[in-house]
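Read the structure below first, then the notes.
Excluded from the calculations below are hydrogen atoms, water molecules and symmetry mates; all remaining heavy atoms, backbone and side chain alike, are included. It should be emphasised that the depicted structure is a prediction, and the values quoted were computed from it without experimental measurement.
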Amino acid sequence: MGHMVVKRLESLDALGRVAPAWDDLWRRSEITLPTARAELLTLWCECFAAERPFTALVVEHDGQWVGALPLVERSAFGCKLGGLPTNAWSPAGDLLLDPQSDVETVCELLWKAAGQCGWRLLWFDALLGGASRWQAFLLAGRRLGRAVAARERFAIDLVQIERGWSEYLANRSANHRRQLRKASARAEQSGPTRLVRFDNLSPQHVAPILRECFEIEAGGWKGRAQGDVFRTPGVWEFYLSQSRQLAAWGQLSLTLLEHGGRPIAFEYGWVAKGVYSSLKVGYDETFRRFSPGQMLRYHLFEQFHAESQIEWVDFLGPATRATSSWATHQYSVNRIVASNRGILGRSFVRAYGQAGTLVRRVRRGANDSSGHRPPRLGQAPGCPPCSQPLPAGTWG
């Protein structure tokens, strides 16, 4: 069976020295986001958590990495917590597991190593509760006597690129198809419209295209609210560095919709393991009557169906009417709070879980959720669904 050992990487420099091994495990894992690779994980930490201690727990089996969990320290409720390096600007670190390994043992070793890091709680704000890796990890925590509370935060829409374009479009709602036809007709009367994709940019050619994309965003409501990329210190530099690294790997996808030779909508996405992930989309509000964001996706998804290289589209953010009109599936994003050590940690988790149960009961009584929703997929895109989604509430 071989021997497993646990290692702790206690700095970003240490992570950088083992980046090839980290990325090799990423390739073998079920994770489809390239932002979980070592270079982009380091970039995120340097930009958004430079003053917070970083620790990565690694399990090695006979010289090969089979599990890794990156964590950054935060303070809340009067104690220190360990959490994943991720935020609303960009996902980053995630649990890496080799599905061919002894996953149960790997997860138990990660839990035991986390218990030695001095944190009372593990707090994960955006965790794919239905993903098999997290199911295995949380079940291992339960076996070790950890208390775990799960709350569903929101759902994310997915598009499965499976059948032909005509069949896929025919399965969209009649109202959605009608709105697309009207918007297309209005655009054609005003001038030519075309989709321009930049999927093979070299790193040195990224900056002008990326700036053109984010200038569209800055000209809209985010710019008026001073929440766009350019007005938030350090964020433009972060995205530029992220994009250049993704371009070097061949995993960057920038898309513009042009009307009359002028860009009126953009999408900033990534491609890895057959999944197209859409992080940002925006449009020029001057052309709102053309529904430019929806028209961009119409042409982009048509091309995905024709090329047969993309298997899933992951919208990454909370489901909205704009994404659900395209969706074929959904998956859940949960907040997970787990006791890492001590009676106080277990007590806090149980209280947190009980409060969440009460809130859900009140919401169910006040709202009738009988509207149409895409079917749930209890797994991350690109991977077979697991048997059961993570239950809400407290267990363990």
- Task: Start with the C-alpha distance between Ser190 and His259, add both sets of side-chain angles, then the distance that settles side-chain hydrogen bond (donor to acceptor under 3.5 Å, both in side chains), and finish with yes or no.
- Result: CA-CA 9 Å; Ser190 176; His259 179 71; 3.1 Å; yes

- SB check Glu217 Arg231 (cutoff 4.0 Å):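 No, this pair does not count.
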
- Message: Does Tyr283 form a ring-ring contact (aromatic ring centres under 6.0 Å, His included) with Phe290? I'd like the steps, not just the answer.
- Response: CA-CA 10 Å; Tyr283 65 90; Phe290 300 154; over 10 Å; no

Side-chain donor-acceptor pair present, [X], [Y], cut-off under 3.5 Å:
X      : Y      : result
Trp44  : Gln242 : no
Glu258 : Thr193 : no
Asp24  : Trp26  : no

- Task: Taking Lys273 for its side chain and Ile31 for its backbone only, find out whether a donor-acceptor pair lies under 3.5 Å.
- Result: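 Looks like yes, one N/O pair under 3.5 Å.
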
- Would you please test Trp165 and Tyr298 for ring-ring contact (aromatic ring centres under 6.0 Å, His included) and show each step? CA-CA 10 Å; Trp165 170 247; Tyr298 174 93; 5.3 Å; yes

- Let me see the working for Phe124 and Trp134 under ring-ring contact (aromatic ring centres under 6.0 Å, His included), right down to the final yes or no. CA-CA 11 Å; Phe124 303 132; Trp134 285 111; 5.3 Å; yes

- Query: Is there a salt bridge (Lys or Arg N to Asp or Glu O under 4.0 Å) between Arg17 and Asp13 once you walk through the steps?
  - Reply: CA-CA 6 Å; Arg17 289 192 291 270; Asp13 287 341; 5.3 Å; no

Can a cation-pi geometry be assigned to [X] and [Y], taking NZ or CZ under 6.0 Å from the six-membered ring centre and within 45° of the ring axis?
X      : Y      : value
Arg37  : Trp249 : yes
Arg211 : Trp236 : yes
Arg172 : Tyr168 : yes

- So Ser132 and Glu30, side-chain hydrogen bond (donor to acceptor under 3.5 Å, both in side chains) or not? Walk me through it. CA-CA 9 Å; Ser132 61; Glu30 68 180 12; 2.7 Å; yes

